[in-house]
K.L.:
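Quick one: the structure is below, and I'll ask about it shortly.
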Amino acid sequence: MKVGGLGDVAGSLPRALATLGHDVRLAIPGYGAIDWPAFQPERRGRFEVPHAGGREPAQVWETRSGSVPVYLLTGPPIPTDRRIYGSGIEEDGPKFIFFSLAALEACRELAFRPDVVHANDWHTGPAVYRLSTTGRSDPFFRDTASLFTIHNLPYTGRDAGRFLAEYGLPATLDLELLPAWARDSMLGLGLAGADVLTTVSPTYAREIRTPEGGYGFDGTLSARSDRLHGVLNGIDTEVWNPSTDDALRERFDAATLGRRAANKAALQEEAGLEPEEKTFLLAMVSRLDSQKGFDIALPALLRWLETGGQLVVLGSGDPAIERALAGLELAFRGRAAVRLRFDPPYARKIYGGADGILIPSRYEPCGLTQMIAMRYGAVPIARRTGGLADTITDVDEPGGTGILFDGYDPGSLAHALARALRVYAQPEEWTEVERRGMAQDFSWDRSAAKYEALYREALHFRPGEISTG
Ligand code: ADP
């Protein structure tokens, strides 16, 4: 399953760590949405998770992703239908607390004692908290260190106090580092309890320590800033490879960039756009969420279409944004094409055929879209925030790979689009920008080496005698 970028990370980072020689195992909820027959999971254990209402039965199933063992945790709070997220904390609180605790108990059941548990986002805060509290007097987990990664700070899993208490995770003094409203948030448990904290870009690591970017956690994160590091995500360069991608009409690489034109034509055809070779085809592939900047994009895109540009949008989410985009398509038939669903093959065709990818995010912890776009020779036009600032070099600087803008307003975005058009009007210059983007190294190898160093650092905070050589 994949809802957003964390799905990519969970698929790629463990493999990259395994390549470095580590024994890595991935634990995810055993959702009904998983294609169970395709993965043939085998049941490896049954155990119970303590709960105020009686012990809850849990099961751990094993399958593989490449060489990495993947544990699927099932039990009453984990949905067996096609849902991932539910309607709110009433459903998602128990679901992810259960998952967090079941993942730890599964380790015990399988006699796999991890040196480090790497937990991701609010869903897994309870696992970190368990390790940092009762785990310290638990012979099995006493020496297990934790690293907690913030992928998206504003999602906090708030108001989970009642459920945390039911699962035996009452608040302790450690939580005084948190603002009062966050002491029953699942994210807070991770932020307060982890041996090492990371987030997914150096710029975002700075932004979240400020009042504007901290969403109320700036004080907590500043207090723990010696434990907080920014490590960029990578992309799986085998999965995202324009020279082998079956979804494309013409495969290409930096040396055969000319072939890309056929993909643009194919995209225009599939999207129902006029087959105009020289018109700038701008695209967005995005969750439709207020984070992603649609409020500033819509007015600018209106002007873009009025002045002759083309637009392809792929995304799903907020119904109000869906309606606004559908309206744009109706008003500009043949110039704007909007597809409101999750469609990975179509996303590939967009990356391989569009001229520019617009990413006007309000904030962006890392962002994968811009890296995938560059790998496919599509030029990112993006707001200078978070990981976008760390991965894109503006065309006005040496080695430019994209167009960056600062202000969060339609005028700044429109100005960036105008700058893109100016470069696009010089085909040789544009091709150089595309080539430089394609030459960037966004592979996981570099990030995996950084995580490896941070796992070692986390182990220093544990008393046990663990060989880290
Ligand atoms: P976030 O995790 O905030 O959604 P990222 O840029 O980190 O943003 O990751 C988004 C990922 O999801 C990218 O791989 C992108 O191609 C993909 N994606 C987003 N929306 C869609 C969609 N509607 N169809 C297919 N892929 C999508």
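These numbers were taken from a predicted model, which means no experiment stands behind them. These numbers come from the heavy atoms of this one structure, side chains and all, not from hydrogens, waters or symmetry mates. Remember, it's 1-based here, ligands and their atoms both numbered in the order they're listed.
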K.L.:
Assess, by modelled atom type and distance only, whether the side chains of Asp218 and Thr210 contain a donor and an acceptor separated by less than 3.5 Å.
P.N.:
no

K.L.:
May I ask you to check whether Phe405 and His415 place their ring centres under 6.0 Å from each other?
P.N.:
no

K.L.:
Looking only at the side chains, is there a donor atom on one of Tyr71 and Arg25 sitting less than 3.5 Å from an acceptor on the other?
P.N.:
yes

K.L.:
What is the ring orientation for Tyr204 with Tyr363, classed by angle as parallel under 30°, tilted 30 to 60°, or perpendicular over 60°?
P.N.:
parallel

K.L.:
Check the orientation of Trp430 and Phe280. Use parallel for under 30°, tilted for 30 to 60°, and perpendicular for over 60°.
P.N.:
perpendicular

K.L.:
Report all N/O contacts between ligand 1 and the protein shorter than 3.5 Å as a table of atom names and distances to 0.1 Å; if there are none, say 'none'.
P.N.:
unit_1   : atom_1 : unit_2 : atom_2 : d
ligand 1 : 2 (O)  : Gly5   : N      : 2.5
ligand 1 : 3 (O)  : Arg287 : NH2    : 2.8
ligand 1 : 3 (O)  : Lys292 : NZ     : 2.9
ligand 1 : 4 (O)  : Arg287 : NE     : 2.7
ligand 1 : 6 (O)  : Leu368 : N      : 2.9
ligand 1 : 6 (O)  : Thr369 : N      : 3.3
ligand 1 : 6 (O)  : Thr369 : OG1    : 2.8
ligand 1 : 7 (O)  : Leu368 : N      : 3.3
ligand 1 : 8 (O)  : Lys292 : NZ     : 3.2
ligand 1 : 14 (O) : Lys2   : NZ     : 3.3
ligand 1 : 16 (O) : Tyr351 : OH     : 2.6
ligand 1 : 23 (N) : Arg341 : O      : 2.8
ligand 1 : 24 (N) : Asp343 : N      : 2.9

K.L.:
Between Arg384 and Glu364 (salt bridge meaning N to carboxylate O under 4.0 Å), is one present in this structure?
P.N.:
no

